[in-house]
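These notes concern the structure reproduced below.
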Amino acid sequence: MDPKSGRRVLATAMVFAALAASLCWLPAAVAQTKDPLPLQLSPALPAEGDAIVVAGSFLAYNPFIIIPTSVQVQGSQITLNANVLVGPPIPPNLGPVIWTLPALPAGAYTMSLSLQGIPGLRFTVRPRTALVRLVAGRFQVAVADQEPGVVPSGAQLSDAAGYFWFFDPTNVEITTKVIDGRAVNGHYWVFVASMTDTPFTVTVTDTQAASCGGGATCPSRTYTNPPHTNQNFIDVAAF
């Protein structure tokens with residue numbers, strides 16, 4: 001064979017091989033890339049029942065194009081499945097890869113990608129309702145909120161009082177107090193002080209009332225603050 005012809009055949013074969021590689025889906029092992037793929041949750045502090053979106057930027061993986069496919073949840077382990085395509089340089093304005101998680105119960109989760117070489121993420125889904133027990137544990141104070149991204153958490157200040165925060169533990173949103181006022185009017189008194197216009201519901205339950213037990217429901221009082229409202233509650237005949 002003429003050497004020039006041989007070189008032309010080899011060059012042609014290399015061009016076709018390169019084109020084929022650029023159009024083929026690659027196995028997961030190909031995603032061993034330069035920089036870690038950052039994953040971000042929205043909302044950043046999810047609560048049970050929230051619609052959780054996972055976004056990952058793949059610009060650092062150029063020229064690998066990552067295509068999200070599905071989400072697999074097995075207990076506390078979440079796998080984000082994806083395919084990888086080798087392509088031309090990715091334009092800088094291309095958006096992030098998006099996965100949508102199903103509603104998750106409260107608990108700790110480990111999230112990983114089906115692509116090797118990309119670090120995963122650990123996060124916690126918090127209960128939608130936070131509890132504080134007052135007056136020697138007799139009264140259960142529960143704060144619930146259904147606004148996405150709001151995660152109520154409670155802390156006890158004393159035997160009679162506690163507080164709740166939604167977004168930041170240094171930012172108190174609600175304080176509650178239960179006082180034994182039976183010497184005055186025969187009732188326990190409930191005070192709820194709101195420092196937010198975020199909608200919430202406070203439910204106070206007397207877990208040691210005479211009517212509790214035997215399948216009966218313990219008496220409770222519910223105080224609701226509607227959206228875009230700041231409302232305090234004083235109930236001197238609660239229980």
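- Applying the under-4.5 Å side-chain rule to Ile, Leu, Val, Met, Phe, Trp and Tyr, the cluster around Val53 extends to Ile98.
- Between the CE atom of Met111 and the OG atom of Ser76 there is a distance of 12.5 Å, given to the nearest 0.5 Å.
- In this structure, OG1 in Thr176 is found 8.5 Å from CG in Leu157, a value given to the nearest 0.5 Å.
- In this structure, Ser220 contributes its side chain and Val204 its backbone to no donor-acceptor pair below 3.5 Å.
- A donor atom on one side chain and an acceptor atom on the other are not found under 3.5 Å apart for Thr203 and Gln140.
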>> Does Thr217 form a side chain to side chain contact (heavy atoms under 4.5 Å, CB included) with Thr205? I'd like the steps, not just the answer.
In response: CA-CA 10 Å; Thr217 302; Thr205 302; over 6 Å; no

> Going through the distances and angles, do Phe166 and Val143 end up as a side chain to side chain contact (heavy atoms under 4.5 Å, CB included)?
Replying inline: CA-CA 10 Å; Phe166 292 160; Val143 172; 4.0 Å; yes

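- Between Thr201 and Thr222, some side-chain heavy-atom pair lies under the 4.5 Å cut-off.
- Between atom CG of residue Leu115 and atom CG of residue Leu80 there is a gap of 9.0 Å, rounded to the nearest 0.5 Å.
- For the side chain to side chain donor-acceptor pair (under 3.5 Å) condition, the pairs that include at least one residue of residues 154-168, sequence neighbours left out, are Asp168-Thr170.
- Note on Leu134: it does not cluster hydrophobically with Ile179, by side-chain heavy-atom contacts below 4.5 Å among ILVMFWY residues.
- Residues passing the side chain to side chain contact (heavy atoms under 4.5 Å, CB included) test with Pro226, sequence neighbours excluded: Thr229, Gln231.
- If you check the side chains of Arg182 and Tyr188, you find a donor sitting under 3.5 Å from an acceptor.
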> Can Thr100 and Val71 be said to form a side chain to side chain contact (heavy atoms under 4.5 Å, CB included), step by step?
Replying inline: CA-CA 8 Å; Thr100 301; Val71 175; over 6 Å; no

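- The closest donor-acceptor contact from the side chain of Thr124 to the backbone of Ala108 lies at 3.5 Å or more, if one exists at all.
- Expressed to the nearest 0.5 Å, how far CG of Leu101 lies from CG of Leu41 amounts to 7.0 Å.
- Between the Gln72 side chain and the Thr79 main chain, no donor and acceptor come within less than 3.5 Å of each other.
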Donor-acceptor pairs under 3.5 Å, side chain of residues 189-200 to any protein atom, not counting sequence neighbours: which ones?
| unit_1 | atom_1 | unit_2 | atom_2 | d |
| --- | --- | --- | --- | --- |
| Trp189 | NE1 | Asn185 | OD1 | 2.9 |
| Trp189 | NE1 | Val236 | O | 3.2 |
| Ser194 | OG | Thr196 | N | 3.4 |
| Ser194 | OG | Thr196 | O | 3.1 |
| Ser194 | OG | Asn230 | ND2 | 3.4 |
| Thr196 | OG1 | Glu173 | OE1 | 3.4 |
| Thr196 | OG1 | Thr198 | N | 3.0 |
| Thr196 | OG1 | Thr198 | OG1 | 3.1 |

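- Note: Trp99 CH2 to Ile52 CD1 = 15.0 Å, rounded to the nearest 0.5 Å.
- Residues Ala82 and Ser114 share a closest heavy-atom pair of N-OG, 3.0 Å.
- For Ala44 against Pro46, the heavy-atom pair with the smallest separation is O-CD, 3.3 Å.
- If you chain together hydrophobic residues whose side chains sit under 4.5 Å apart, Phe164 and Phe233 fall into the same group.
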> Going through the distances and angles, do Val202 and Val141 end up as a side chain to side chain contact (heavy atoms under 4.5 Å, CB included)?
Replying inline: CA-CA 7 Å; Val202 175; Val141 182; 3.9 Å; yes

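- Under the 4.5 Å side-chain heavy-atom criterion for Ile, Leu, Val, Met, Phe, Trp and Tyr, Leu131 and Val172 are members of distinct hydrophobic clusters.
- A 6.0 Å sphere centred on CD1 of Ile234 holds no more than 12 heavy atoms belonging to other residues, nucleotides or ligands.
- Nearest heavy atoms, Gln77 versus Ser112: NE2-OG, 3.1 Å.
- Residues forming a side chain to side chain contact (heavy atoms under 4.5 Å, CB included) with Arg221 (at least two apart in sequence, or on another chain): Tyr223, Asp235, Ala238, Phe239.
- In this structure, Ala155 and Val132 approach most closely via the heavy-atom pair N-CG2, 3.7 Å.
- Atom OG1 in Thr69 sits 4.5 Å away from atom CG in Asn81 (nearest 0.5 Å).
- Within the 4.5 Å cutoff, side-chain heavy atoms of Val73 are placed close to those of Pro102.
- Looking at residues two or more places apart in sequence or on another chain, you find a side chain to side chain contact (heavy atoms under 4.5 Å, CB included) between Ala209 and Asp206, Ser211, Cys212, Pro219.
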